[in-house]
Amino acid sequence: MIGHFDPKQYARSAAHDKDLGTPFPTGTALVNLEIDGITITVPEGTSVLRAAALADINIPKLCATDSLEPFGSCRLCAVQVEGRRGLPASCTTPVVEGMQVTTQNERLAKLRRNVMELYISDHPLDCLTCPANGDCELQDMAGSVGLREVRYGFDGENHLQATKDTSNPYFSFDPSKCIVCSRCVRACEEVQGTFALTIDGRGFDSKVAAGQDEAFMDSDCVSCGACVQACPTATLMENSVIDHGVPDRSVVTTCAYCGVGCSFEAQMKGDKLVRMVPYKGGDANHGHSCVKGRFAFGYSSHPDRLTTPMIRDSIDQPWREASWEEAIGFAANRLKAIQAEHGRESIGGITSSRCTNEETYLVQKLIRAAFGNNNTDTCARVCHSPTGYGLKTTLGESAGTQTFDSVMKADAIIVIGANPTDAHPVFGSLMRKRLRQGAKLIVADPRSIDLLKTPHLSDAQHLPLRPGTNVALINALGHVVVTEGLEDKAFVASRCDTEAYQSWRTFIADPRHSPEASEAITSVPAEAVRQAARTYATAGNGAIYYGLGVTEHSQGSTMVMGIANLALATGNIGREGVGVNPLRGQNNVQGSCDMGSFPHELPGYQHVADPIARGRFESVWGVKLDDEPGLRIPNMFDAAIEGTFKALYVQGEDIAQSDPNTQHVEAALRSLDCLIVQDIFLNETAKFAHVLLPGSSFLEKNGTFTNAERRINRVRKVMPPLAGKQDWEITQDLANALGYPMRYAHPSEIMDEIAQLTPSFAGVSYEKLEVYGSLQWPCNAEYPEGMPTMHEINFPIGLGRFAITEYVPTEERATRRFPLLLTTGRILSQYNVGAQTRRTDNQHWHDEDILELHPSDAELRGVRDGDWLGITSRSGHTVLRARLSERMQPGVVYTTFHHPGSGANVITTDNSDWATNCPEYKVTAVQVEKVSQPSAWQQRFSSFDKAQRGHLAKAQQEAS
Amino acid sequence: MSNNNDANLVRMTNQIATNLGSGRDEEAAAAAICRHLETFWARSMKQRLVASLALESVEFSPLARRAATLLATRLSEQQVSR
């Protein structure tokens with residue numbers, strides 16, 4: 001024995017930077033073995049390859065990588081094991097107590113050279129001009145095994161002339177460089193779960209093929225990049241690397257798209273971002289990515305980026321370029337004048353769920369401390385505000401209860417009103433992995449979502465309910481649990497408020513909530529509801545995941561409470577594998593809520609009327625704060641139209657496109673005397689603005705985002721802000737101009753203030769984030785490393801509280817005039833209002849919003865695929881192209897709102913959730929008919945859009 | 001426009017009453033609705049709602065009216081205590 005290595009001591013960062021060859025083992029018992037004379041202790045189930053790599057004994061390998069199960073095809077990692085015959089592949093050989101392994105001797109060296117020689121005999125020798133030069137595992141291994149000659153020559157049959165597939169806009173597939181290691185095929189299966197790739201043919205003819213030997217773009221490929229990530233050669237290569245060469249530095253940061261919050265390495269050459277590579281050390285994504293985060297970053301350097309502040313007196317005028325000082329001064333003077341004339345409460349602001357925690361915190365601080373009122377709100381108003389209300393009422397905290405990884409321990413998964421494979425793709429892949437392992441799936445959704453088409457799905461139940469009947473369905477599920485004796489009585493007795501539980505039990509046991517009675521409302525067969533309830537309650541670990549299909553209803557808050565009731569009644573709270581999990585839409589929706597964006601709550605969900613909490617803020621902020629809640633976004637619009645609300649500061653949010661009843665929103669924006677928009681583009685809202693402050697992209701700033709699992713992740717600046725300022729600096733300048741001093745030198749100082757004032761963030765600091773990578777709040781003295789699973793011992797309100805959830809039908813009903821129900825959603829390639837993704841090659845997948853309708857509804861109206869359809873609701877009228885789809889149920893139509901000209905929100909109404917005013921996007925009664933021209937709104941939109949772009953172009957021309 | 005806004009606030013209150021009313025006796029329900037308005041509504045909205053108790057153009061549900069009346073009492077008590 002010449003040394004002893006204990007992998008437990010192995011530094012965290014090093015483990016992420018190095019490919020250990022095979023995945024982390026599931027075993028816990030420790031095994032001792034000897035590799036090249038060094039004694040190594042590793043968990044049972046570890047491969048010899050991984051054990052060796054942990055001790056820095058690097059066995060050559062090609063088909064092995066630690067994101068994939070071992071495959072044993074390349075034979076390069078062969079080793080010699082004392083007492084065993086032959087030379088086994090170390091990737092597929094598990095460690096055994098007392099094993100003695102030799103990784104290097106003459107026999108092994110010869111074998112590896114021979115293997116490598118065969119590979120290279122069918123591989124182009126163009127290393128110097130190859131895009132993978134310097135970043136190629138084949139090249140490294142040829143060097144490592146000491147290959148010096150290829151005795152076979154290159155004249156024999158080969159694949160060197162194979163045709164390149166350049167159909168995907170982001171990566172190329174060059175089969176001439178392929179060594180058929182199957183890493184891409186396995187990544188597509190094991191990591192992404194799409195099964196778009198396969199090995200076609202046998203023996204020498206084996207080749208990687210997309211779909212039925214199609215071009216990548218014509219196959220099922222979703223462009224997640226897992227294959228590109230797994231490829232050890234230049235076969236699957238980012239076009240940006242082909243164009244610009246291998247990056248020379250790398251910074252770990254957090255994706256600015258959805259609420260999964262994936263960690264990425266931003267790989268740079270100087271100030272240029274060459275590629276985004278999913279970071280293996282990211283606890284939300286473990287090295288996986290989707291088409292948005294991995295590839296759609298080109299918007300950050302798009303020519304449409306605003307780079308200079310602009311001002312104007314009225315929105316009919318052209319813009320005028322201004323210095324930062326002039327623009328900030330102009331904005332501050334207007335705000336002060338308006339407050340002097342119309343009162344303290346006549347102005348407000350909207351924080352951004354795309355900006356960092358620090359920036360959001362600063363905007364609400366500006367509003368509360370410098371504006372002197374609580375008129376602050378955020379886009380969560382229109383997405384997850386019912387989650388805040390519903391979960392706080394029942395469980396005591398406005399957040400999801402689990403980590404993403406928790407899904408790997410779930411036995412039954414209910415997905416309600418969420419579409420994770422499109423809207424939260426990296427988590428969708430993880431969920432699919434668990435479903436392939438045998439977890440049961442229940443989907444409650446009006447549409448047949450792609451999750452139901454998961455390859456190798458074992459047990460899937462679809463409850464295709466009518467839009468707007470969620471609460472009737474959840475009550476029916478609760479009814480079955482109670483009346484069939486499926487409750488976890490011990491959990492309820494020890495963890496829940498008895499009185500509230502008894503009232504709920506009496507309420508829910510009433511026959512009017514039975515699946516048979518609610519079938520007439522939901523149109524879901526009673527037996528299917530009974531089966532789903534039994535599956536969820538008896539499978540072991542039952543987990544509920546939900547999205548905006550739950551919250552964006554007139555009873556969104558009621559539904560969230562209904563979900564919590566179901567989880568409490570079955571004891572599916574407080575451990576791994578269970579829980580209530582809201583899937584958050586935008587990257588920092590959780591953070592913007594945590595940071596006090598809502599008009600009634602200071603950071604950390606502390607009510608403004610609470611004198612103790614408010615007092616702490618008053619003493620640190622040095623100002624008296626209003627103890628009454630302020631206006632919510634829709635209330636601001638109403639007040640603006642009425643003339644009592646006159647100015648609005650909007651950071652990174654496009655209310656003119658994303659909020660419902662567009663014409664109402666436009667009327668509100670037009671009535672403002674001063675609209676200040678801070679954004680990276682001239683978005684739809686900015687076209688109504690008087691002051692335009694150019695913001696910075698996530699690549700241009702420091703800060704933190706908080707994802708849907710409460711995980712606080714660092715955002716790191718990799719390039720200077722295009723317009724010169726990070727968003728927090730702009731807010732700080734505005735505060736100073738208004739006479740309220742802010743003096744932060746770095747966002748870490750803002751985080752220190754947040755930690756000082758927010759109990760759930762008390763233990764968070766940038767220093768700690770450097771050490772741990774990320775932290776899940778609450779993070780404080782009691783939980784210094786954060787809390788992955790919530791409510792394990794008790795609830796923040798002590799006992800869990802069941803809530804009475806009476807079903808109240810929405811006022812928005814299908815009628816003879818509007819016989820169809822429109823519901824809205826998202827697709828994979830575009831993000832939210834599309835401001836970012838529309839300015840990337842993601843347009844190749846979805847360049848317009850489409851109205852999906854069932855063939856029977858289409859037939860009734862003589863509609864064929866591709867026809868222009870006029871869609872009319874009581875709010876408005878717009879025109880979209882039709883797509884016939886069996887995913888829809890008859891009577892229900894569907895669209896997205898990624899493109900402003902579509903006017904999807906011209907149709908949606910101002911109906912909203914009773915508790916939070918979250919709009920009812922998911923239910924709008926409409927009629928559709930064939931038309932031949934755009935709607936009147938679309939024509940007005942088009943000319944207004946043209947005029948406003950002209951105003952901007954004029955200012956830019958004059959300045960140059 | 002202002003009539004519209006009054007009607008809108010009353011409609012919102014009616015919806016809150018419908019949702020918070022079930023499973024509670026009337027007194028407890030009115031208290032819960034009033035507490036909801038106090039917790040989530042802006043000062044101007046609360047004042048406006050209370051003022052619309054006197055309007056004939058708006059239609060309060062009986063429970064919503066009781067809650068709004070309770071709110072009116074509480075607001076005037078706060079005025080006095082200040």
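Throughout, protein chains are lettered first and strands after them, A, B, ... in sequence-line order, and every chain is numbered starting at 1. Atoms considered below: every heavy atom in the structure, side chains included; atoms not considered: hydrogens, waters and symmetry mates.
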Best-contacting candidate, A:Ala915, A:Ala803, A:Ala639, against chain B by heavy atom pairs under 4.5 angstrom: A:Ala915
Contact origin within A:Glu806 toward chain B - heavy atom pairs under 4.5 Å: both
Within 6.0 Å of CD in A:Gln663, more than 12 heavy atoms from elsewhere: yes
Heavy-atom check, side chain of A:Ser554 versus side chain of B:Gln15, under 4.5 Å: no
Under 4.5 Å from any heavy atom of chain B - which part of A:Thr558: side chain
Separation of A:Glu642 CD from B:Arg48 CZ (nearest 0.5 Å): 4.0 Å
Portion of A:Glu601 that has a non-hydrogen atom of chain B nearer than 4.5 angstrom: neither
Value rounded to 0.5 Å, distance of CG in A:Asp913 from CG in B:Asn19: 8.0 Å
Contact class of A:Tyr389 relative to chain B, heavy atoms under 4.5 angstrom: side chain
Under 4.5 Å from a heavy atom of chain A, the part of B:Thr13 involved: neither
Interface residue of largest heavy-atom contact number with chain B, from A:Asp910, A:Asn375, A:Asp626, A:Asn373, under 4.5 Å: A:Asp626
More than 12 heavy atoms of other groups within 6.0 Å of A:Arg614 CZ: yes
Residue A:Ser912 versus chain B: region with a heavy atom under 4.5 Å: backbone
Steps toward side-chain contact (heavy atoms from CB on, under 4.5 Å) verdict (A:Asn917, B:Phe40): CA-CA 10 Å; A:Asn917 282 155; B:Phe40 297 104; over 6 Å; no
Between CD1 on residue A:Ile641 and CG on residue B:Asn5, distance to nearest 0.5 Å: 9.0 Å
Most contacts with chain A, counted as non-hydrogen pairs under 4.5 angstrom, among B:Met12, B:Met45, B:His36, B:Glu38: B:His36
Gap separating the CH2 atom of B:Trp41 from the CG atom of A:Asn635, nearest 0.5 angstrom: 8.0 Å
Contacting region of B:Arg11 [heavy-atom separation from chain A under 4.5 Å]: side chain
Reported OG-to-CG distance for the pair A:Ser557 and B:Leu20, which is rounded to 0.5 angstrom: 9.5 Å
